[in-house]
Amino acid sequence: MRLTTIATHWRLTGSRHGGHFAPMSETATTDWLDILKEQTRTGEQMGRQVPEMLAKPEITEGQVKALFQALETQAEFVERLTAILEDNGYDFDIISAAERLEDKYADLAGEVAEKLKGMKVET
């Protein structure tokens with residue numbers, strides 16, 4: 001995937017479900033586990049691709065900023081998902097998986113923030 005489109009792809013992945021959770025009346029029809037599985041696959045993909053992207057010398061400050069924003073959006077999405085899983089009484093293992101995913105996004109956002117900080121120092 002090209003650098004110019006990857007952050008947009010990830011931002012849209014997080015918003016595939018409207019970028020927010022359904023009202024409680026729709027909760028019964030929402031498969032939170034499927035959403036968690038999808039987000040976990042996306043997180044794994046991002047975990048592989050973000051370091052590769054940051055290592056490319058042609059990456060621009062704007063692309064790094066967009067990637068950071070996309071990661072922050074994903075982290076917020078997973079944080080809300082974790083809260084819903086907790087509120088709906090899911091097992092500890094499932095909640096833990098969501099929390100690990102949340103941590104993964106936070107770690108990736110930290111890597112991107114460090115790259116951005118380094119780019120600003122260079123200019």
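Just so it is clear, the structure is predicted and the values come from calculations on it, not from any experiment.
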Going from [atom1] on [X] to [atom2] on [Y], what distance comes out if it is rounded to the nearest 0.5 angstrom?
X: Lys56; Y: Glu52; atom1: NZ; atom2: CD; answer: 7.5 Å
X: Leu81; Y: Glu86; atom1: CG; atom2: CD; answer: 10.0 Å
X: Met53; Y: Met46; atom1: CE; atom2: CE; answer: 9.0 Å
X: Leu85; Y: Leu33; atom1: CG; atom2: CG; answer: 7.0 Å
X: Glu72; Y: Gln69; atom1: CD; atom2: CD; answer: 9.0 Å
X: Thr73; Y: Phe68; atom1: OG1; atom2: CZ; answer: 10.0 Å

message: Checking Gln74 against Thr42 for the side chain to side chain donor-acceptor pair (under 3.5 Å) test, could you report, in this order, the C-alpha distance in whole Å, the side-chain angles of both residues, the deciding distance, and whether it holds?
response: CA-CA 9 Å; Gln74 289 295 117; Thr42 300; 5.4 Å; no
query: Under a 4.0 Å N-O cut-off, is there an ion pair linking Glu44 with Arg48?
result: no
- request: State which residue, out of Glu114, Glu111, Gln49, fulfils the side chain to side chain contact (heavy atoms under 4.5 Å, CB included) condition with Leu54.
  value: Glu111
Could you tell me if the side chain of [Y] sits less than 4.5 Å from the side chain of [X], heavy atoms only?
X: Tyr105; Y: Gln39; result: yes
X: Ile84; Y: Tyr90; result: no
X: Leu36; Y: Leu101; result: yes
X: Glu61; Y: Lys120; result: yes
X: Phe77; Y: Thr82; result: no

- prompt: Between the main-chain N or O of Ile94 and the side-chain N or O of Asp91, is there a donor-acceptor pair closer than 3.5 Å?
  reply: no
- prompt: If only atom types and distance count, is the side chain of Gln63 paired as donor or acceptor with the main-chain N or O of Thr60 below 3.5 Å?
  reply: yes
